[in-house]
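Contents: one structure, followed by commentary.
Please read these numbers as outputs of a predicted model, since none were measured by experiment. Each ligand, and each atom within it, is numbered from 1 in the order the structure gives. Reckoned from all heavy atoms, side chains included, excluding hydrogens, waters and symmetry mates.
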Amino acid sequence: MDSPFKADALKGKVALLTGGGSGIGFEISTQFGKHGASIAIMGRRKQVLDSAVSALNSLGIPAIGFVGDVRNHEDAKRVVDSTFQHYGHLDILVNAAAGNFLVSAEDLSPNGFRTVMDIDSVGTFTMCHEALKYLKKGGLGRTSSSGGTILNISATLHYTAAWYQIHVSAAKAAIDATTRNLALEWGTDYDIRVNGIAPGPIGDTPGMSKLAPDEITSKARDYMPLYKLGEKWDIAMAAVYLASDAGKYVNGSVLPVDGGLWLSRPRHLPKDAVRQLSRVVEKKSRNAPVGLPKSKL
Ligand code: COA
């Protein structure tokens, strides 16, 4: 689908994306590139990075890949510094790297819990921390009079609770808290906008095939009235909005992009039934003698 944004919405910007070589991260890399940004992607698998970089290059998008694990502080520092050395500045950091698997709380080892917290939550903070010196207003390599921007990808799981996702829910809650706290501190001190995107179920991603195999998705459609699969494009457009000047007054927001799914719950009564029932109940209470105990209504 074509983008509704101008092709130069991110012209001249340099974006570094963790997890930017596959899934949602790769679509954000592609759309950022199509809107004028130069791209650096960080990931653990060289082969994935290489093919992502050549796909971006074939679209005429300047791109470079850096192998690294966000759990490793040295890797995070090296990749952020290398992005700066390669392009001369850094304007946008997207934290899209994530780890995930389905497991019940009782079967999850503390190390399994910690692993996802390390990738998602600590990894996000580490990358932000390393990028600060380049993103802050007046920071290294900055020519623009404003600060850069950060986008953290989380989820909606922790808005309520999610079966077999205690580790991921906790990790995404920590990411959202990090987004808001950095927006407060770094927005005030350094003119850096920090926002988040909380994707719902997005088709054709590693996350979906791991977490919601086909049999689960078709069941979900029955009991979740708003259940629809999103597209990677939906998330990327939200990212272009938040990273570009279109979002210049948005700071500390986490935008759910899930078609309203997190609000979804089964309808307990058909609409007609509620109309009838509500009238009857009202009439009864209007006609009831004053002082009659509730039990007699
Ligand atoms: N069920 C229960 N526990 C699991 C598990 C599963 N499916 N997969 C991993 N774990 C546990 C391991 O048992 C281990 O804990 P232990 O030492 O107590 O046994 C801990 O998690 C770490 O596992 P390990 O395989 O060593 O971690 P890793 O660093 O190689 O891999 C993962 C990290 C587990 C998050 C892996 O799924 C991954 O790399 N994911 C990245 C890609 C991804 O998930 N993308 C989807 C994005 S939504």
What atoms of ligand 1 come within less than 4.0 Å of a heavy atom belonging to [X]?
X	value
S109	15 (O), 16 (P), 18 (O)
G207	48 (S)
A98	41 (C), 42 (C), 43 (C), 44 (O), 45 (N), 47 (C)

For [X], is the [atom1] atom crowded, meaning more than 12 foreign heavy atoms sit under 6.0 Å from it?
X	atom1	value
I61	CD1	yes
H73	NE2	yes
D189	CG	yes
Y164	OH	no

Parallel, tilted or perpendicular, judged at 30° and 60°: which one describes the rings of F84 and Y134? parallel
Heavy-atom proximity to atom 41 (C) of ligand 1, picking from R44, R71, R114, R45, points to R44
Considering A155, A97, G99 one by one, which has a heavy atom nearer to atom 35 (C) of ligand 1 than any of the others? G99
Take [atom] and look for protein heavy atoms under 4.0 Å from it; say yes if you find one, no if not.
atom	value
atom 22 (C) of ligand 1	yes
atom 29 (O) of ligand 1	yes
atom 45 (N) of ligand 1	yes
atom 32 (C) of ligand 1	no
atom 26 (O) of ligand 1	no

Could you tell me whether D69 and R71 have a side-chain N and a carboxylate O separated by less than 4.0 Å? yes
Residues D81, K133: salt bridge by 4.0 Å N-O rule: yes
I need the nearest protein heavy-atom contact for [atom]: residue, atom name and distance, please.
atom	value
atom 37 (O) of ligand 1	K210 NZ, 3.0 Å
atom 9 (C) of ligand 1	F101 CE2, 3.7 Å
atom 11 (C) of ligand 1	G112 CA, 3.8 Å
atom 14 (C) of ligand 1	N111 ND2, 4.0 Å

Side-chain contact, heavy-atom cut-off 4.5 Å: L132 with I192? yes
Indicate yes or no: at least one non-hydrogen side-chain atom of W233 is less than 4.5 angstrom from one of Q31. yes
Please identify which of these residues, K13, R193, R142, meets the salt bridge (Lys or Arg N to Asp or Glu O under 4.0 Å) condition with D91. R142
Taking distance alone, with no angle check, do D107 and ligand 1 share an N/O pair under 3.5 Å? no
